[in-house]
Amino acid sequence: MVFEANASVGGPLAVINLSGRVDGEAEAGLVAAYDRASAGSPLAILIDFSRVDFINSKGLALIVVLLRDSSRRGIRLAACGLTQHYIDIFEVTRLTEHVDVYPDVERARAALLSSAGSSSGRARAERLGA
Amino acid sequence: MGAEGWSSLAAFEVPSRPGSDRSAAERVGECLQGTPLTGERLERLKTGVAEAVLNAVEHGHQNRPELPVRILVEVNASSARVSVSDQGGGFTPPAGEAPDLAAKLAGKQTSRGWGLLLMGEMADEVRTRLEAGRYTVELVMRFREVVDGI
């Protein structure tokens, strides 16, 4: 399947939907989708892998690049829709220590927005000197 | 049939170009249909094969499509073995350069370099040899996972 990436933006959570192969050929499309997702400085970016059928080491390297950039910007990076095989690969590479992994978009959205709400509350409290 | 009881299921070649890693892995999966290697363990072997082919394409053949990567798929009574060979001199990562995500995130390592780690983690055994001008990576996967030596 040919690689495609698109971003849904607006609000505290941006979602990048991927389909096809995440390998070296995915670089331009994935980076463009990430740039669009991160432009509004969301609290979190969720990458939906549910329509991805192949990830190789070059694809993992692209995710590392995104993670490096999102960490620098203070944007949380999360993933959903990974098969157990690719969850194992995320664990082997220790990506799971930095990328929150959820079963699907709905559960990721609920968890991330709940967490973002708590973070916003804390940030507001800190700004108010609490 | 070889000395260790290996018998060939298929031998084929793929060109040294992007996408050959995936197509080779899929073909290996098709070759192994009907063997006891199924499910997650077959997926792990396919990932190892894809990374071996990717290394052959990029490091062994510098993405020159006219240079084919050879793949041999064999089985014996207990295991499957896939050999991936190229015309390069082999690939040895620099000493002390085992992939480290923290170092990659800190910009101290390139974002790449996961291939050898994945091969080692996905397959039960990985062996390499350089002979007659060809570098070969052998990936062995037992049909059944061995847990605590059982």
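Because the structure is predicted, anything quoted here is derived from the model rather than measured.
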Quick one: do A:I75 and A:V101 end up in the same hydrophobic cluster if we chain Ile, Leu, Val, Met, Phe, Trp and Tyr together by side-chain heavy atoms under 4.5 Å apart? yes

Sub-4.5 Å side-chain heavy-atom contact between B:R44 and A:D88: yes

Does any heavy atom of chain B fall under 4.5 Å from the side chain of A:L62, the backbone, both, or neither of them? neither

To the nearest 0.5 Å, atom CZ of B:R22 lies from atom CG of A:N56 at 10.5 Å

Search all heavy atoms of B:G115 against all heavy atoms of A:S57 and return the closest pair with its distance. N-CB, 3.9 Å

With a cut-off of 3.5 Å and sequence neighbours excluded, list every side-chain donor-acceptor pair involving residues 2-21 of chain A.
{"residue": "A:N6", "atom": "OD1", "partner": "A:N17", "partner atom": "ND2", "Å": "3.4"}
{"residue": "A:R21", "atom": "NE", "partner": "A:D23", "partner atom": "OD2", "Å": "3.4"}

Short question: side chain of A:R94, backbone of B:D100 - any donor-acceptor pair under 3.5 Å? no

Heavy-atom check, side chain of A:K58 versus side chain of B:L54, under 4.5 Å: yes

Residues in residues 117-127 of chain B near chain A [non-hydrogen atoms, under 4.5 Å]: B:L117, B:L118, B:E121, B:M122

Surrounding CZ of B:R129 (heavy atoms of other residues, nucleotides or ligands, distance under 6.0 Å), is the total greater than 12? yes

Flag yes if B:L105 and A:L60 sit in one hydrophobic cluster, no otherwise; membership is Ile, Leu, Val, Met, Phe, Trp, Tyr, and two members link when side-chain heavy atoms are under 4.5 Å apart. yes

Looking at every non-hydrogen atom in both residues, tell me the closest pair between B:K104 and A:V64 and how far apart they are. CB-CG1, 4.0 Å

Just wondering, more than 12 heavy atoms not from B:Q87 lying within 6.0 Å of its CD? yes

Just how far is it from atom OG of B:S111 to atom CD1 of A:I63, taken to the nearest 0.5 Å? 11.0 Å

Pairwise side-chain contact, A:Q84 with B:E43, heavy-atom cut-off 4.5 Å (strictly under): no

Honestly, the part of B:E58 sitting under 4.5 Å from a heavy atom of chain A is side chain

Group every Ile, Leu, Val, Met, Phe, Trp and Tyr by side-chain heavy-atom contacts under 4.5 Å, then state whether A:I45 and A:F90 land in the same group. yes

Distance from A:H85 atom NE2 to B:K46 atom NZ, nearest 0.5 Å? 8.5 Å

Cluster link B:V49 to A:I55, ILVMFWY, side chain under 4.5 Å: no

When clusters are formed by joining ILVMFWY residues with side-chain heavy atoms under 4.5 Å apart, either directly or through shared neighbours, do A:L46 and A:V99 land in the same one? no

Do B:W114 and A:V92 have side chains that get closer than 4.5 Å, going by heavy atoms? no

May I ask you to check whether over 12 heavy atoms, not counting those of A:R109, lie within 6.0 Å of atom CZ? no

A:T93, part contacting chain B, at a heavy-atom distance under 4.5 Å: both

Tell me, do A:E97 and B:L101 make a side-chain contact under 4.5 Å, heavy atoms counted? no

So for atom CZ, which belongs to B:R112, do other residues, nucleotides or ligands contribute more than 12 heavy atoms lying within a distance under 6.0 Å? yes

